[in-house]
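This report concerns only the one structure given below.
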Amino acid sequence: MKRILSNLSDASPKELVNQIKAKPGSFIEDSEADRISDQLRTLFSIYQTSNLKSISADEFKQAILSKIGSIDADIEGYSESELDRQRDLSIKYYWGHNHDFGDFKLEGRMGNRHINLLSNFVTYFPISLDDFRQKQIFDIGCWTGGTTLLLAALARNVYAIEEVKKYAETVSFLVKSFNIDNRVSVEPRSLYDCNSEQFYQRFDIAYFPGVIYHLSDPLLALRILFNSLKVGGVILVESAGINVDEPFCRFDGSRIYNRGAKEKLNCGGWKWFIPSPTALYQMMKEAGFDEIQTKWHGARRVYGYGRKVSQIGICKAGLSVPNIM
Ligand SMILES: C[S@@+](CC[C@H](N)C(=O)[O-])C[C@H]1O[C@@H](n2cnc3c(N)ncnc32)[C@H](O)[C@@H]1O
């Protein structure tokens, strides 16, 4: 701590913030992230049953609790015989992010990730919470909506997608219950179904944590998101990662079970490519992004930031979708 402060002692406040941002994992960086997390927790606390519109607290609680733990292949459009080709969370309903609704609390499988991620993004990269205001945000892989609601508390519009239908339905229900459905829309859709004109140059920020390593074609995903951004738009990516200097990815694929067994509803990670910070950087560059920064984060994660400076082309040779813009 003393060492960091003595190195920074001559800096102006703005330089100080920049120098702090450049020092990964420093004590000051951590306390900046904690300060922002507190701010975000306060913003998120508006989503309590006392602020529900058009539904009673009891009905709301019942509607949510009745889903948790349910198993329903049908709603997802696959049969019982295909369960071994689905992830556990697509089969069984699990709550995603922690949420204190006031009358009741839910602990999610992802804990407070929604708060911590956003606070890390704005601590590590040249973007602030203010940069979300009045913006159109694309939230990819929203699970039960912790991140979607948080972004909605900051931004003008949020468009969220989720490939698992039951979770997309939940997020629509939350958004309607809190009367923000005029600004937030949710669709049960894969990111790979967002490669069409209706998505081109539509968003200011593509918010993309916790998904890229679940995708079989990360480069295509990044290109779809590049195309979905307006010129000047920003992507924020977070992923499981490997901590090596080289531009390497580890390949796990769907047959590796990190925890649990196949018989236990596919508790496998379904992680495909797991990038090092340099590999993520190279993939983002290939997809068209500029001003890229990637950063290793403890607990085996990597963060990335990039800007769409212009609508440049992508190399078409060997591309999985040759007709992509
Ligand atoms: C680990 S969770 C991350 C949730 C949230 N974005 C976060 O970072 O806290 C990944 C989510 O992405 C969804 N997902 C996976 N592949 C997807 C795809 N191709 N299109 C849309 N959503 C997808 C999963 O169903 C899951 O809800």
Side-chain angles (χ1 to χ4, degrees), residues 37 40 44 67-68 72-73 75-78 85-99 106-121 137-152 158-172 174 185-196 199 205-225 228 235-241 252-254 258-259 265-274 297 299-304 320-321:
S37 295
L40 292 174
F44 194 69
K67 292 178 190 238
I68 293 174
D72 49 4
I75 186 181
E76 303 303 335
Y78 50 81
R85 290 198 271 146
Q86 290 292 337
R87 294 171 68 216
D88 58 343
L89 74 95
S90 308
I91 301 168
K92 187 170 174 178
Y93 189 110
Y94 293 94
W95 193 256
H97 302 93
N98 288 350
H99 198 139
L106 292 178
E107 289 201 357
R109 276 216 351 209
M110 286 182 294
N112 289 320
R113 247 179 82 82
H114 54 320
I115 305 281
N116 301 335
L117 277 167
L118 185 48
S119 122
N120 286 341
F121 279 126
I137 318 285
F138 191 5
D139 175 20
I140 302 104
C142 58
W143 201 330
T144 50
T147 298
T148 316
L149 294 180
L150 185 60
L151 292 171
V158 181
Y159 172 70
I161 57 164
E162 169 54 59
E163 72 168 5
V164 181
K165 295 189 185 68
K166 51 180 154 273
Y167 298 132
E169 271 177 19
T170 294
V171 186
S172 292
L174 290 173
S185 52
V186 186
E187 285 188 335
R189 181 189 272 277
S190 167
L191 175 60
Y192 292 124
D193 290 329
C194 299
N195 180 28
S196 61
F199 291 96
I205 298 176
Y207 199 72
F208 192 39
V211 181
I212 192 167
Y213 57 100
H214 292 310
L215 302 178
S216 61
D217 192 333
L219 187 58
L220 176 62
L222 287 169
R223 182 63 187 184
I224 289 171
L225 291 175
S228 79
I235 186 169
L236 296 167
V237 195
E238 185 263 3
S239 175
D252 272 11
S254 68
N258 294 321
R259 62 191 161 78
L265 292 179
N266 278 341
C267 285
W270 289 85
K271 297 184 174 81
W272 298 91
F273 299 96
I274 299 157
H297 178 83
R300 290 177 282 169
R301 310 296 286 195
V302 53
Y303 281 65
S320 50
V321 178

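Whatever order the structure lists them in is the order used to number ligands and atoms, beginning at 1. Every value quoted in this text rests on a predicted model; they were computed, and no experiment measured them. Along the sequence shown, residues carry numbers from 1.
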Hey, does the side chain of T144 reach the backbone of G96 with a donor-acceptor pair shorter than 3.5 angstrom?
->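 Present.
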
For ligand 1, which atoms have a heavy atom of [X] less than 4.0 angstrom away?
{"X": "W143", "result": "2 (S), 27 (O)"}
{"X": "H214", "result": "1 (C), 10 (C)"}
{"X": "L215", "result": "16 (N), 17 (C), 18 (C), 19 (N)"}
{"X": "V164", "result": "25 (O)"}

Starting from [atom], what is the nearest protein heavy atom, named by residue and atom, and what distance separates them?
{"atom": "atom 12 (O) of ligand 1", "value": "G141 CA, 3.4 Å"}
{"atom": "atom 9 (O) of ligand 1", "value": "H97 NE2, 2.8 Å"}
{"atom": "atom 20 (N) of ligand 1", "value": "L191 N, 2.9 Å"}
{"atom": "atom 22 (N) of ligand 1", "value": "E163 N, 3.3 Å"}
{"atom": "atom 3 (C) of ligand 1", "value": "G210 O, 3.5 Å"}

Taking the side chain as everything from C-beta on, heavy atoms only, tell me whether [X] gets closer than 4.5 Å to [Y].
{"X": "Y192", "Y": "L220", "value": "yes"}
{"X": "K67", "Y": "K166", "value": "no"}
{"X": "Y303", "Y": "F121", "value": "yes"}

Which heavy atom of N98 sits nearest a heavy atom of E107, and at what distance?
->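 Between these two residues, the closest heavy atoms are OD1-CA, 3.3 Å.
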
Tell me whether [X] has any N or O atom under 3.5 angstrom from an N or O of ligand 1.
{"X": "V211", "value": "no"}
{"X": "R113", "value": "yes"}
{"X": "S190", "value": "yes"}
{"X": "E162", "value": "yes"}
{"X": "D139", "value": "no"}
{"X": "C142", "value": "no"}
{"X": "P209", "value": "yes"}

Report the relative orientation of the aromatic rings in F44 and H114; use parallel for angles under 30°, tilted for 30 to 60°, perpendicular for over 60°.
->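 F44 and H114: perpendicular rings.
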
R109/D88 salt bridge by N-O under 4.0 Å criterion =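 Here D88 pairs with R109 in a salt bridge, since their nearest N and O are under 4.0 Å apart.
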
Apply side-chain contact (heavy atoms from CB on, under 4.5 Å) to R189 and list each qualifying residue two or more places apart in sequence or on a separate chain.
->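 side-chain contact (heavy atoms from CB on, under 4.5 Å) list for R189, sorted by chain: Y159, I161, E187, D193, C194, Q198, F199.
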
So is M110 close enough to ligand 1, meaning a heavy atom under 4.0 angstrom away?
->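 Per 4.0 Å heavy-atom rule, M110 contacts ligand 1.
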
Examine ligand 1 and decide if any of its atoms is less than 4.0 Å from a heavy atom belonging to E238.
->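 Judged by the 4.0 Å heavy-atom criterion, E238 does not count as contacting ligand 1.
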
Distance in Å, R113 CZ paired with H97 NE2, rounded so as to fall on 0.5 Å steps |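 R113 CZ to H97 NE2: 6.0 Å, rounded to 0.5 Å.
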
Euclidean distance, N116 CG relative to E238 CD, rounded to 0.5 Å |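 CG of N116 is found 10.5 Å from CD of E238.
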
Take F138 and Y207, measure what ring-ring contact (aromatic ring centres under 6.0 Å, His included) needs, and give me the verdict at the end.
-> CA-CA 6 Å; F138 191 5; Y207 199 72; over 10 Å; no

